[in-house]
Visitor: 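Got a structure for you, written out below as structure tokens; questions coming shortly.
Heavy-atom basis, side chains included; hydrogens, waters and symmetry copies ignored.
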Amino acid sequence: MFEYSDRLKVLPPYLFAELDRKKQEKIEQGVDVIDLGVGDPDMPTPKPILEAAKKALENPENHQYPSYVGKLAFREAVANWYKKRFGVDLDPQSEVITLIGSKEGIAHFPLAFVNPGDIVLCPDPAYPVYKIGAIFAGGTPYTVPLKEENNFLPDLDSIPKDVVEKAKIIWINYPNNPTSAPPTLEFYEKLVDWAKKNNVIIASDNAYSEIYTGTEKPPSILQVPGAKDVAIEFHSLSKTYNMTGWRIGMAVGNKELVAGLGKVKTNVDSGQFGAVQDAGIAALNLPEEEVEKIRNVYRERKKIMTEALEKIGLEIYKSDYTFYLWIKVPKGYTSAEFVGRLIDEAGIVCTPGNGFGEYGEGYFRISLTVPTERLLEAAERIKNLKL
Ligand SMILES: *Cc1c(COP(=O)(O)O)cnc(C)c1O
């Protein structure tokens, strides 16, 4: 009786629906399903953050409407963290805004700057929210392919001139989900230069900056001199501190861009719960050793799973970033066919590469967010499939 709006009707098809259905079916049949599909840390939020949250609950100031842009204390903690981690100076008053998880900010941002007819340059494969946010704002997403031969960095020179002219925003996300590809400062420098020349906003999603398994720390785009003239960066406490359920993130950078996002948010939400922001302050002040402990778990899982899967003959894109493995599907399969076989015959849920866009075809993604013994069990089951 009630017809969906056109903006809902034009959304890309939900490719995971069939996979979800199969997963539920297997669980009902009593299969011990191993879910390597979702990128959601399995470890608990560190204790000092929980303690701060418990204390913050008791503070009546937190029981009233929070500030739209977030507590100044949280924004100061963000600015201090950016200074310490990236050497980037931010004014907490005008260059930082609190988000109800970075997904919220990513989805809302185009509403502030995109008009119908404007193009939003979206990488592919990618986190689906970039495209969806563009569509909700009435803009037109334009696919920028990320190819393995370019280390999954976009080829800016291959975007047609007439597209660049209409482009308002370019989304980037490094360390990258789903491919695990790292950023390089050289690429960031080139991108800032290109964005200034073409009057395009850079929207960088840096949710995985702390999830590295080598020794090299990924940079922020704001480290490039002059980046603040054209860039906003979205960040999140979700992945760094095992806080996906808390919904706390931030956007930082160019103050007009931050203010535009703030204007949208003022009109649609009422800010994040003060106690969650207080917990976020404790997270950002957590000693680095605590985060290193979390990284060490991913280091071990990545090493063990990479070895196990390579022994079976699977081809993994080698990277020291994120908690994902981006793997070629064996010859003769599409992504959907192979992932279908994994759930049907091995009880393993993985994400088909084409779920992240057409250029993800030929790959599948494994999330290292289950204990090592479950990863090894999954590897053993795949081995027994005799691919
Ligand atoms: C997990 C993730 C986020 C963070 O989401 P939150 O809403 O902050 O929990 C953002 N971007 C990408 C690419 C992600 O994978």
Side-chain angles (χ1 to χ4, degrees), residues 1-24 35 37-40 99-146 152 154 159 163 166-173 176-179 200-201 203-205 207 232 234 236 238 244 247 249 251 260-261 264-265 267-269 324 334-337 339-340 343 349-365 367:
M1 186 165 72
F2 300 109
E3 206 180 321
Y4 281 147
S5 65
D6 292 340
R7 77 177 64 80
L8 273 199
K9 284 196 274 185
V10 301
L11 289 187
Y14 185 57
L15 272 157
F16 306 121
E18 172 66 6
L19 204 60
D20 275 348
R21 196 191 55 73
K22 273 189 182 166
K23 179 185 162 187
Q24 278 317 314
D35 192 345
V38 283
D40 189 354
L99 300 175
I100 308 171
S102 60
K103 182 180 187 181
E104 177 264 299
I106 291 166
H108 281 146
F109 181 64
L111 287 174
F113 294 98
V114 170
N115 282 317
D118 289 344
I119 282 176
V120 177
L121 300 170
C122 298
D124 180 329
Y127 189 56
V129 189
Y130 314 134
K131 253 181 204 171
I132 292 168
I135 292 170
F136 279 4
T140 307
Y142 180 89
T143 295
V144 180
L146 304 184
F152 298 110
I159 307 170
V163 171
K166 287 191 213 144
K168 197 74 201 270
I169 299 173
I170 182 166
W171 281 102
I172 52 155
N173 164 224
N176 182 257
N177 175 14
T179 67
V200 176
I201 297 163
S204 164
D205 176 357
I232 184 168
F234 294 81
S236 169
S238 286
T244 48
R247 314 312 302 135
L261 176 58
V264 173
K265 283 173 57 56
N267 286 286
V268 296
D269 70 54
Y324 302 115
T334 64
S335 293
E337 283 165 358
V339 165
I343 181 71
V349 178
C350 295
T351 313
N354 60 321
F356 300 100
E358 58 181 308
Y359 289 91
E361 179 53 52
Y363 296 88
F364 68 105
R365 190 193 76 176
S367 182

Visitor: Give a yes or no on whether the backbone of N177 and the side-chain of N173 come within a donor-acceptor separation of less than 3.5 Å.
Guide: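 Side chain of N173 to backbone of N177: a pair is present.
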Visitor: What do the steps show when you test K168 against I119 for side chain to side chain contact (heavy atoms under 4.5 Å, CB included), and what is the final call?
Guide: CA-CA 6 Å; K168 197 74 201 270; I119 282 176; over 6 Å; no
Visitor: Can you tell me how far the CG atom of L121 sits from the OG1 atom of T143, to the nearest 0.5 Å?
Guide: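 Rounded to the nearest 0.5 Å, the CG-OG1 separation comes to 9.5 Å.
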Visitor: State plainly whether the residues E104 and R247 are in salt-bridge range, i.e. N to O under 4.0 Å.
Guide: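 No, this pair does not count.
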Visitor: Which pair of non-hydrogen atoms, one from V200 and one from I169, has the smallest distance, and what is that distance?
Guide: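 Shortest heavy-atom separation between V200 and I169 comes out as CG1-C, 3.7 Å.
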Visitor: Once rounded to the nearest 0.5 Å, what's the spacing between atom NZ of K103 and atom OG1 of T244?
Guide: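 Atom-to-atom, K103:NZ and T244:OG1 are 11.5 Å apart.
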Visitor: Side chain to side chain contact (heavy atoms under 4.5 Å, CB included) with I172: which of S204, C122, P123?
Guide: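 With I172 as partner, S204, C122, P123 yield a single side chain to side chain contact (heavy atoms under 4.5 Å, CB included), made by S204.
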Visitor: CG/D35 to NZ/K23 distance, rounded to the nearest 0.5 angstrom?
Guide: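 Taking CG in D35 and NZ in K23, the distance rounds to 3.5 Å.
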Visitor: Name all residues meeting the salt bridge (charged side-chain N to carboxylate O under 4.0 Å, His left out) criterion together with D124; count only those two or more places apart in sequence or in a different chain, and write none if there are none.
Guide: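 Partners of D124 by the salt bridge (charged side-chain N to carboxylate O under 4.0 Å, His left out) criterion, ordered by chain and then number, come out as K131.
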Visitor: Can a donor-acceptor pair be found, under 3.5 Å and without considering hydrogens, that links the side chain of N176 to the backbone of T179?
Guide: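 The answer is yes, because a donor-acceptor pair under 3.5 Å joins these two groups.
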Visitor: With a 6.0 Å cut-off (strictly less than), is the heavy-atom count around CZ of R7, excluding the residue itself, greater than 12?
Guide: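 No, because the 6.0 Å sphere around CZ of R7 holds 12 heavy atoms or fewer from other groups.
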Visitor: By the definition side chain to side chain contact (heavy atoms under 4.5 Å, CB included), identify the one residue from V129, V120, V264, I201 that meets it with F109.
Guide: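 Testing each of V129, V120, V264, I201 against F109, the sole residue satisfying side chain to side chain contact (heavy atoms under 4.5 Å, CB included) is I201.
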Visitor: With a 4.0 Å cut-off, would you call K166 and D118 a salt bridge?
Guide: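 Result for this pair is no, no salt bridge flagged.
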Visitor: Can you classify the ring geometry of F234 versus W171 as parallel (below 30°), tilted (30 to 60°) or perpendicular (above 60°)?
Guide: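 F234 and W171: tilted rings.
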Visitor: Tell me whether R365 contacts the main-chain N or O of G37 through its side chain, where contact means a donor paired with an acceptor under 3.5 Å.
Guide: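 Side chain of R365 to backbone of G37, a donor-acceptor pair under 3.5 Å: yes, one is there.
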Visitor: Measure the CD-OG1 distance between E337 and T334 for me, rounded to the nearest 0.5 Å.
Guide: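 Answer rounded to 0.5 Å: 3.5 Å.
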Visitor: Is there a side-chain contact between P352 and F364 in this structure, where contact means two heavy atoms from C-beta onward sitting under 4.5 Å apart?
Guide: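 The answer is no; the side chains never approach within 4.5 Å.
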Visitor: Assess whether side chain to side chain contact (heavy atoms under 4.5 Å, CB included) is satisfied between F136 and L8, documenting all intermediate values.
Guide: CA-CA 8 Å; F136 279 4; L8 273 199; 3.9 Å; yes
Visitor: Do you know which two heavy atoms are closest between G362 and S335, and how far apart they sit?
Guide: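 Heavy atoms only, the tightest pair is N-OG, 2.9 Å.
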Visitor: Do the side-chain N and O atoms of Y359 and N354 include a donor-acceptor pair separated by under 3.5 angstrom?
Guide: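 Checked: Y359/N354 side chains show no N/O donor-acceptor pair below 3.5 Å.
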Visitor: I need the minimum non-hydrogen distance between P141 and I135, along with the two atoms involved.
Guide: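 Closest approach of P141 to I135, heavy atoms only: CG-CG1, 3.7 Å.
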Visitor: Kindly compute the distance separating CD1 (I100) from NZ (K265), expressed to the nearest 0.5 Å.
Guide: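 That separation rounds to 4.5 Å.
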Visitor: Quick one: does any side-chain atom of S367 pair with a main-chain N or O of V38 as donor and acceptor, under 3.5 Å?
Guide: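 Yes, the answer is positive, given that a donor and an acceptor are paired below the 3.5 Å cut-off.
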Visitor: If you compare all heavy atoms of V339 against all heavy atoms of C350, which two are closest, and at what distance to 0.1 Å?
Guide: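 Looking at all heavy atoms of both residues, the closest pair is CG1-O, 3.4 Å.
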Visitor: How long is the span from the CG atom in D205 to the CD1 atom in I106, to the nearest 0.5 Å?
Guide: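 Those atoms lie 4.0 Å apart.
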